[in-house]
Peer 1: 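One structure follows; several queries about it will come next.
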Amino acid sequence: MIRRFNYTKRKVIRRDQVAVQLVTQPSGPASFNATIRLDGVTLPADARLYLEAHYKSSYMRFGFGTVGAIQPPAERVLNEIDRGSTVLFRLKAVDESGTHGRILAELDDIVADESGGAEADRYCILPVRFTELGQEIWRINFDEGPRPILEVNRFEGVENFVKSDPLFASLVFPAAVREILTHVLVVRAEEADVDGDGWPSLWMKFASRFHAEPPPDVEESDVQARLDWVDDVVRAFCQTQTFRDRLVAARKEDTA
Amino acid sequence: MAEIRRLTEQGTEAFRAYLGELRAGKPLAPPTDLLVGAVTSMPLTTRVNIERDVFTTRLEAAQYLARILGDVDRGQVDHNPGLWNWLSLFYFDRLCPPAPDGTRRPGRDYRYILPPIDDPEHFRHYYRHLLAGAYTVHRLHPGKAGVLLCGTVDKFDDFNEQLASRQEFVSNPGIIEAADVLYFDASSRKPKRGAASNKRRPGTLRRFIDVIQQFDLTYDLYSLTGRQIVDLLPEEFARWAQR
């Protein structure tokens with residue numbers, strides 16, 4: 001089983017309870033709209049809500065009233081956030097009745113929707129970034145941002161190559177899945193806290209769809225058992241996606 | 001007095017090649033012709049004049065640059081590697097002073113050359129650029145962050161590596177103020193001795209990072225002042241706050 005730890009006793013805010021839409025301008029900084037629904041989350045009505053926007057060293061914090069009276073601020077311009085970058089948000093419910101504000105609930109890694117609502121309910125566990133990688137074609141970046149990013153080198157037509165070419169899908173995605181799962185279970189070797197909504201948990205949930213057994217317990221299993229589990233997941237993932245068949249068919253078309 | 005420009009890609013690569021030659025032991029003077037060459041540099045959209053020999057410390061550099069770049073659109077400053085690369089070359093004698101025999105020992109390229117923002121290296125190294133890093137810290141914490149800005153401009157110390165590399169630390173005024181309370185000696189304008197020990201001795205910088213990361217799970221640290229954060233810290237930090 002995926003083990004559930006919640007040492008902080010924080011309440012859980014589900015990802016579908018918060019939606020942020022970015023409003024970009026032709027010139028000048030972007031602003032945002034946010035919808036927050038906390039039904040089903042047991043929190044004091046007077047707990048303060050804060051939505052924090054951040055990227056790199058830039059950070060802005062917006063008060064959204066209280067749990068009992070959610071009130072977006074009038075000013076929601078992201079003028080202190082670095083331009084030209086992906087803005088991430090986190091929502092905090094804070095108990096300010098004592099000397100030091102205590103976090104009662106938090107949802108991190110909220111990606112603002114820039115599609116006008118079409119993508120608002122989707123959360124991508126592996127965003128793709130096209131960037132300069134020298135002669136390297138792709139890699140997984142674990143260092144930047146709160147979840148892994150699939151970085152792909154720039155060249156003409158690369159967007160379509162990634163999006164729809166069976167060659168890319170069949171060679172890259174299984175390797176990417178293997179690398180990320182190995183990172184979670186072996187390199188980080190941390191239990192996935194599914195209550196926390198963090199990226200390792202979301203990846204474990206994704207991987208569990210391809211395996212009858214839950215991920216091995218990190219504390220009680222050896223490394224080989226975890227690697228074997230990852231192998232099984234990748235094999236089943238490839239089976240489901242019929243990568244070999246799609247690759248062979250595409251090659252036949254190319255040579256016809 | 002000179003007019004600030006920005007290095008083009010070609011100018012930046014020539015600067016990078018120069019750094020490589022220095023590392024190979026060649027006692028070369030900085031290629032200042034790149035600063036004004038039509039192919040290697042371009043003017044800014046806003047005219048800004050700049051002087052040499054006006055700062056020694058990171059704080060003085062950040063204050064000076066913040067002042068002279070005050071009228072330039074922020075987007076043209078923050079995400080303009082060509083500007084920061086030009087400034088690095090302009091001030092190269094400060095950022096990488098020559099030894100008496102004329103040789104120089106430059107640091108890694110990212111100390112002087114800022115990777116473009118869409119380059120994966122940018123996120124890893126932007127705070128390590130000797131001028132852009134100091135400027136960013138000063139902009140985030142004007143009049144504060146003594147422990148991050150007190151060093152000479154050619155040095156990048158462990159306080160900067162440990163604090164500026166962590167987004168949740170460097171963007172939080174309370175945490176930076178707490179670091180000053182604990183580790184900055186205002187009378188000597190230097191970090192307190194032994195504070196940056198890499199052995200996790202009680203109350204030192206690395207312990208501060210460990211404890212703050214634990215607090216971050218419980219407390220809303222962005223709402224706290226530096227003094228409030230210091231008051232929350234365990235006893236091991238008391239002697240640093242009192243020194």
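Just so you know, these numbers come straight off a predicted model, no measurement behind them. Chain letters run A, B, ... following the sequence lines, proteins first, then strands; residues in each count from 1.
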Peer 1: Within this structure, what is the CZ-CG distance for the pair Arg48(A) and Asp220(B), rounded to the nearest 0.5 Å?
Peer 2: 11.5 Å

Peer 1: I'd like to know whether Arg139(B) forms a salt bridge (charged side-chain N to carboxylate O under 4.0 Å, His left out) with Glu80(A), so could you lay out the CA-CA distance, the side-chain angles of the two residues, the decisive distance to 0.1 Å, and finally the verdict.
Peer 2: CA-CA 11 Å; Arg139(B) 203 193 63 218; Glu80(A) 291 296 319; 5.2 Å; no

Peer 1: Please classify the contact between Glu52(A) and chain B as side chain, backbone, both or neither, with a heavy-atom cut-off of under 4.5 Å.
Peer 2: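 The side chain, not the backbone.
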
Peer 1: Just checking Glu235(B): does its CD atom have more than 12 heavy atoms from other residues, nucleotides or ligands closer to it than 6.0 angstrom?
Peer 2: no

Peer 1: Near Arg154(A) CZ, under 6.0 Å, is it more than 12 heavy atoms from other residues, nucleotides or ligands?
Peer 2: yes

Peer 1: What distance separates Tyr219(B) OH from Thr99(A) OG1, expressed to the nearest 0.5 Å?
Peer 2: 9.5 Å

Peer 1: Less than 4.0 angstrom from a charged side-chain N to a carboxylate O is my criterion; do Arg90(A) and Glu168(B) meet it?
Peer 2: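 No, this pair does not count.
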
Peer 1: Would you please indicate if the ring centroids of Tyr222(B) and Tyr59(A) are separated by under 6.0 Å?
Peer 2: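 When the ring centroids of Tyr222(B) and Tyr59(A) are compared, they turn out to be within the sub-6.0 Å range.
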
Peer 1: Counting heavy atoms not belonging to Arg189(B), are there more than 12 under 6.0 Å from its CZ?
Peer 2: no

Peer 1: How long is the gap from CG on Leu217(B) to CD1 on Ile103(A), to the nearest 0.5 Å?
Peer 2: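 So the CG of Leu217(B) and the CD1 of Ile103(A) are separated by 7.5 Å.
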
Peer 1: Is Glu9(B) atom CD crowded by more than 12 heavy atoms from other residues, nucleotides or ligands, each under 6.0 Å away?
Peer 2: no

Peer 1: Are more than 12 heavy atoms, taken from residues, nucleotides or ligands other than Arg227(B), located less than 6.0 Å from that residue's CZ atom?
Peer 2: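 No, CZ of Arg227(B) has 12 or fewer neighbouring heavy atoms, counting only those of other groups under 6.0 Å.
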
Peer 1: Which bit of Phe169(B) comes within less than 4.5 Å of chain A, counting heavy atoms only: side chain, backbone, both or neither?
Peer 2: neither

Peer 1: Who wins among Leu224(B), Val170(B), Leu221(B), Asp78(B) for the most heavy-atom pairs under 4.5 Å with chain A?
Peer 2: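 Option with the greatest count: Leu224(B).
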
Peer 1: Can you tell me which portion of Arg102(A) sits under 4.5 Å from chain B's heavy atoms? Options are side chain, backbone, both or neither.
Peer 2: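 Interface part for Arg102(A): both.
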
Peer 1: Measuring from Ser223(B):OG to Lys92(A):NZ, what's the distance to the nearest 0.5 Å?
Peer 2: 7.5 Å

